[in-house]
Structure formats: C-alpha cells, structure tokens
Amino acid sequence: MKDGIKRLYGLKNIGIAYICCYIHFITEVICFYYLTRATKGVLNAWMIPFIYDGLAFVPQGVIGYAADRRPGMALTVPGFALMLLSLTVFGFMSASIYISLVLMCLGNALVHVDAAEATLKNSFGRLSHSAIFVSGGSFGVITGRVLAIYGVPVWFVLLMGVSVIPFIAASFGYEGTKESKARGFDYVKPGKSPLCAAAVAVAVVIIRGYMGYGIPTSWNKTLAQSVYMFVIMGLGKALGGILSDAFGIRKVAVASTLLAIPFLCLGDKLMFVSLIGVMFFSMTMSVTLAILVSVMSDTPGLAFGLTTIGLFLGTAPIFFVRLSKGADIAFISIMSAVCSLLLNRILKEPER
Amino acid sequence: MIRFVFDPRYLSANAAFFWGCLAVLALLIAVSFIIAYRRLKR
C-alpha cells in the first residue's frame with residue numbers, strides 16, 4: 001500500500017493533466033449545454049444526440065492520425081473557435097440547427113484529439129494523466145445540462161468558453177506536445193500480437209460504451225441523482241488511472257471489470273449499490289487507452305481516436321434496439337466477465 | 001427480448017441529413033480502421 005502511494009509522488013508533468021482536464025470540462029459544458037437546449041421540446045429529439053455522438057466521436061480517428069503526422073498543430077484553438085461559433089449561431093441567429101450541430105461536433109473532435117495527445121505525450125507512460133484528463137468530461141456533461149435546465153443564458157456559457165485561453169496557452173509550454181511519439185507506454189505482454197491487443201481494447205471500449213447507456217438505472221429519476229451518477233463516473237475514470245499507476249494496471253483492470261458486475265446488476269433500484277458499480281466500470285477508461293497507445297506509440301492520436309470510435313459503436317445500437325431488462329443484465333454480466341478475461345490475458349505490469 | 005425502437009418514418013424532413021451523416025460516419029470508421037490495421041501490421 002505504502003509503495004503504491006509512493007509511486008504517485010514522482011509523477012512528472014502532472015500539471016498538463018489538470019490543464020487538459022479543465023479544457024475537457026469546458027468543452028463538455030459547452031456541448032451538453034447546447035445539446036440540452038437544442039433537444040428541448042423538439043420532435044424526434046433522439047436524432048440530435050445520435051448525430052452528435054457520431055460526428056463528434058468518429059472523426060477523431062482521422063483527425064488524430066493527421067495530428068500525429070504533423071505534431072504541434074494546436075488543434076484546441078480552432079476547436080474552441082468552432083464550438084463558440086456554433087453556440088453563437090445557435091443562440092443569436094435563426095440558422096438551421098444542423099449548421100450549429102456540425103460546427104459543435106467538429107470543434108469537439110479537434111479539442112479532444114489535441115488535449116488527449118498533449119496528456120499522452122507528456123505522461124511518460126503513466127496513466128494518471130490521461131485518466132485525470134478524461135474525468136473532466138463527466139463533470140462537464142452534467143454541469144452543461146444543469147446550466148441549460150436552469151436557463152443560464154448563452155453569453156454566460158460563451159464566457160466560460162473564453163476562460164480556457166490561459167489554459168490552452170499553458171499547454172503549449174510542455175515539450176512533449178511537439179513530439180510525434182507517446183513514450184513509455186508498455187502495458188501489453190510480450191509475444192501478444194499488436195493487432196489482437198488493439199482489437200481487444202476496442203472491443204472492451206464498445207462493450208463499455210453500451211453499458212454506459214444500457215445499465216439498468218431505474219433509480220435515476222431526478223436531476224440530483226443524475227449529478228451523483230456523473231460525479232461518480234468522473235471519479236471512477238480518474239481513479240482508474242491513478243490506482244493503476246499505484247498498484248498495477250492488470251490488477252485494477254481485472255478487479256474493476258469483475259467487481260462492477262454484481263453492483264450494476266443488483267443496483268437497478270438501489271442508487272448507492274449502482275453508483276459503486278458505475279465507479280468500477282468507469283475505471284477501465286484509461287486502461288483501454290493505455291493498451292492502444294502501447295501498440296501504437298507512433299500514433300497516439302489515432303489510438304485515442306479508435307477508443308472514441310469504439311464508444312460510438314457501443315452507444316449507437318441504443319438508438320435503434322433495446323434489450324429487455326433480464327437480457328440486458330445477462331448481456332452485461334457475460335460481457336464484463338469476457339472483458340476481464342481478455343484484459344488479464346494481454347496486460348502486463350510495466351517495470352518501474 | 002430485443003425490441004426495435006427505430007422507425008425511419010420518424011425522420012420525416014431530416015431523412016437526407018440523417019442518411020448522409022450515416023454514410024460519412026461509415027466511411028470515416030472504415031478509413032480509421034484501415035489506417036490502424038496497416039500500422040499495426042507493419
């Protein structure tokens with residue numbers, strides 16, 4: 001235990017994680033403020049989140065690859081410009097919703113790729129950085145929703161968007177950002193095919209994406225309960241990386257996927273039980289990213305993009321088909337066990 | 001056990017945008033996976 005905590009003391013460049021966490025937080029605040037307002041009272045409102053998921057998540061693979069080939073492009077700047085433009089078009093002009101939607105998605109994709117690359121390239125193979133970065137998103141999602149529900153005006157959210165300028169400027173100060181490689185990631189057992197490892201990581205992301213929407217949470221009816229869920233999700237994502245650095249990635253990956261099963265399955269009507277499950281299942285977020293970066297260290301942007309594509313592929317079926325509660329629980333249990341088994345087979349503890 | 005909740009009739013006037021986006025997404029997914037496959041095979 002003491003050794004594990006000691007390992008966290010010497011985390012280099014941890015500042016970039018907090019910078020990117022704030023950038024990610026504000027990105028999601030803007031996006032989910034926009035989405036909540038854009039879908040309010042709209043017929044067929046499901047289509048807007050579906051298109052948002054697709055156009056924001058899927059292009060990150062190609063954008064990530066382009067960013068890998070030309071490092072130091074500072075995509076966060078045009079990304080935020082597009083998001084703020086989208087919000088301005090939505091809030092103050094009577095243009096079609098689809099114009100602002102496409103602008104918002106593209107801006108979101110650019111910011112995500114750039115911030116992810118900055119954390120990965122400056123983390124020297126540690127998971128805490130990317131875990132802290134991704135956790136900012138969960139807090140941003142629920143903050144954006146709350147701001148929209150309480151009728152906060154668009155100009156206030158635009159102002160929040162502008163507040164990232166010093167954080168973006170600070171992120172340029174990290175040397176690793178200008179490199180093309182993410183160094184130090186070595187979490188896949190020797191002898192395992194990189195293709196196989198990447199396929200497992202993407203499969204785990206797809207399953208986790210489905211679980212994010214598919215887990216039975218009939219307790220979640222009020223805004224306060226949604227806040228609890230997203231806060232726990234954010235904490236789980238951050239803890240996944242931090243605990244992996246402290247106690248080992250394999251232990252955390254296997255334990256979190258296995259422990260999540262009973263809590264998620266039995267927590268349909270019990271909020272606290274369910275929240276523990278949500279926290280465990282969120283922990284694998286940085287683990288899957290670490291696997292992909294381990295086998296694609298030359299192209300960390302593409303590796304990150306594959307995880308977001310996996311997330312889209314996992315969430316997309318929810319818009320088209322639904323499983324009955326029993327089938328859902330069976331599916332989640334079996335898939336979590338399979339994920340745990342696969343992660344155990346390909347992950348190794350790096351030598352520190 | 002499995003219930004289909006999607007009905008293309010609900011798309012009404014937005015059908016062209018929806019199917020257009022779906023085509024773009026399919027293309028982007030295919031391109032990303034092909035690039036990743038080629039890099040991992042190397």
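These figures come from a predicted structure and were not determined experimentally. Per chain, numbering begins at 1; letters A, B, ... match sequence-line order.
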Give, as side chain, backbone, both or neither, the part of A/Ser193 having an atom under 4.5 angstrom from any heavy atom of chain B.
neither
Interchain contact, A/Leu313 with chain B, by part (heavy-atom threshold 4.5 Å)
side chain
Search all heavy atoms of B/Val31 against all heavy atoms of A/Val62 and return the closest pair with its distance.
CG1-CG2, 4.1 Å
Heavy-atom cut-off 4.5 Å, strictly under: side chain, backbone, both or neither for A/Asp298 against chain B?
side chain
Looking at every non-hydrogen atom in both residues, tell me the closest pair between B/Leu28 and A/Val58 and how far apart they are.
CB-CG1, 3.5 Å
Please classify the contact between A/Leu302 and chain B as side chain, backbone, both or neither, with a heavy-atom cut-off of under 4.5 Å.
side chain
Measure the CD1-CZ distance between B/Ile29 and A/Phe312 for me, rounded to the nearest 0.5 Å.
5.5 Å
Quick check: closest heavy atoms across B/Ser32 and A/Gly61, and the distance to 0.1 Å?
OG-CA, 3.8 Å
Counting only heavy atoms from other residues, nucleotides and ligands, does the tally under 6.0 Å from NZ of A/Lys192 exceed 12?
yes
With rounding to the nearest 0.5 angstrom, report the CG to CD1 distance, B/Leu25 to A/Ile309.
10.0 Å
Out of curiosity, A/Leu195 CG to B/Arg39 CZ, how far, rounded to the nearest 0.5 Å?
14.0 Å
Given a strict heavy-atom distance threshold of 4.5 Å, which part of A/Phe57 is in contact with chain B: side chain, backbone, both, or neither?
neither
Heavy-atom distance under 4.5 Å to chain B: side chain of A/Leu55, backbone, both or neither?
both
Step by step, work out the side chain to side chain contact (heavy atoms under 4.5 Å, CB included) result for A/Phe50 and B/Leu22.
CA-CA 10 Å; A/Phe50 175 75; B/Leu22 224 54; 3.5 Å; yes
Quick check for you: to the nearest 0.5 Å, what is the distance between B/Cys21 atom SG and A/Tyr52 atom OH?
14.5 Å
Check whether more than 12 heavy atoms from other residues, nucleotides or ligands sit under 6.0 Å from atom OH of A/Tyr98, and answer yes or no.
yes
